[in-house]
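A quick write-up on the structure given underneath.
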Amino acid sequence: MSVQELLAEYGDKYVLALLTTWKLTALAFSAAFVIGIVVTVMRVSPVKPLRVAGDFYVQIFRNIPGAALLIVLVYALPYLNVVLSYFTCVLTATALIPAAFCSEYLMAGMNTIALGQIEAARALGMNFSQMIRLIVIPQALRSSVLPMTNLLVATMLTTALASQVPLNPTDLTGIVAHINTHAVGGVTAFLISAVLYCATAVVIGQIGNLIDRKARILR
Amino acid sequence: MVQAEENKEVLTEQSPIIELRNIDKYFGEHHVLKGISLTVKKGEVVVVIGPSGSGKSTLCRTINRLETIDSGEIIIDGVPMPGEGRKLAQLRAQIGMVFQSFNLFAHKNILDNVIMAPVEVLHMPKQQAKEEALQLLKRVGVESQAAKVPAQLSGGQQQRVAIARALAMHPKAILFDEPTSALDPEMINEVLDVMTELAAEGMTMVVVTHEMNFARRVADRIIFMDDGSILEENTPEEFFEHPKTQRAQDFLNSIKEH
């Protein structure tokens, strides 16, 4: 089938698929961001068990393939009487893994903060949580905008895991499988999805650059 | 009876703001502070001098426990300072600190740098903190920079903001850890002028510095340190004119030659 034929036949399904991909990306990245901050605060906290737990989280989820995690969530959890919807399984897998990377980027961002500022905060009588909330996390975030932008793109690409479970509406990768089981879309069906992934990534990249320019800390 | 007398003593004008008793500190094998005892009274300006590596900066940082100690006691305005916890933070909030490298918060503008701790630590209403901060910035001569971020200011301006940030906490004393050592020569005086004014207004100050003219002019008392010990403690006149120890004489000679 040609591009025109595919779009005429499946255009509205591509739109729905694109929206599903966007939705999964936005939800997964938001969750990853929050989890990443929490894990990072644990990793720098004065309480050793928290530090160990935070490091453990990163070691596990940085080193597990997304597909493997999805299989665990879909097929293993029911043995523990935990049955999640397919959407939730995909969302969980695509959030837990980027969260580990998010924490790594924040840790790198923290290393750019001069130790002197931490000492100044302590000398002013700030406690650990004030220091983290007012000095450390804001600066770590500002200096990690570009890696976070990359992480958002990576998270979007990871949402292709959705194609491995039955979802309705499915995502940009799932739609290709759908078309190729109902018709002969061939490589062209992939091409349309690829263009949509690329276009989204380019927009994300541009917005990331804008935010970075605004947020960058003069030193 | 004895207790009552002790209490009375604490309440007199002369009760020390800062008291260090037999402080020992090691960096690994290296004994950096050797049984240091020091008392700073209200309104006193104590200037600590000595060769580099003598422990004077470490001493200054020990007063608000930015450095851990191995033994000894630190007492702030009659209250023993613990090694950690909420009480430590509370006592630190009462003692201002100005660092060699300014250490302003890089992501906040000048005004926010000054109001952050009063608002967050002292729970001062934001409006009041702002008014006081602008007043303080005016006093140190940088009120026109309030909306800029630290990196847009010169070193001298940044250090004056750091002084305003310390003052905003209404501290009982301010520690200055080599406040002019990172400055270009033409900016040293603008910072020393602010410090001189503070001293004249009766602020209790501990100043680690290499600025001998400032020490001579402003100090009530000079502490000369070498190799982790206080070797001399005297008025500036006595210390600079008649240093008692050989090491102090050598030190003063070595700076005269330049």
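Residue numbering restarts at 1 for every chain, and letters A, B, ... go by the order of the sequence lines.
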* Asked: Do you know which of B/V149, B/L104, B/I95 has the most heavy-atom pairs under 4.5 Å to chain A?
  ->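 So the answer, after comparing B/V149, B/L104, B/I95, is B/L104.
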* Asked: Contact part of B/Q152 toward chain A, heavy-atom cut-off under 4.5 Å: side chain, backbone, both or neither?
  ->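 Contact with chain A is through the side chain of B/Q152 alone.
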* Heavy-atom proximity to chain A below 4.5 Å, by part of B/F105 ->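 Both parts, backbone and side chain.
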* **Test item: A/N63 side-chain N/O and A/Q59 main-chain N/O as donor-acceptor pair under 3.5 Å** =>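 A pair under 3.5 Å: yes.
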* **Ionic contact status for B/E120 with B/K126, cut-off 4.0 Å** =>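 Result for this pair is no, no salt bridge flagged.
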* **B/D70 and B/K25 ion-paired at < 4.0 Å** =>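 B/K25 and B/D70: not salt-bridged.
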* B/R165 to B/F102, cation-pi by 6.0 Å centre distance and 45° axis angle ->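 So B/R165 doesn't make the cation-pi contact.
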* To do: Could you walk me through whether B/K42 and B/E44 pass salt bridge (Lys or Arg N to Asp or Glu O under 4.0 Å), step by step?
  => CA-CA 6 Å; B/K42 190 169 169 29; B/E44 217 182 357; over 6 Å; no
Could you tell me which portion of [X] (side chain, backbone, both or neither) has an atom closer than 4.5 angstrom to a non-hydrogen atom of chain B?
| X | result |
| --- | --- |
| A/R133 | side chain |
| A/R122 | both |
| A/A121 | both |
| A/E119 | both |
| A/A114 | neither |

* Asked: Rounded to the nearest 0.5 Å, how far apart are CD1 of A/I135 and CD1 of A/I113?
  ->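 Spacing of CD1 (A/I135) from CD1 (A/I113) equals 8.5 Å.
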* Would you call B/T209 and B/F176 a side-chain contact if the rule is heavy atoms closer than 4.5 Å? ->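 B/T209 does not reach B/F176 side chain to side chain.
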* A/L218, A/L124, A/I217: which one forms the most heavy-atom pairs within less than 4.5 Å of chain B? ->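 Counting heavy-atom pairs under 4.5 Å, the top option is A/L124.
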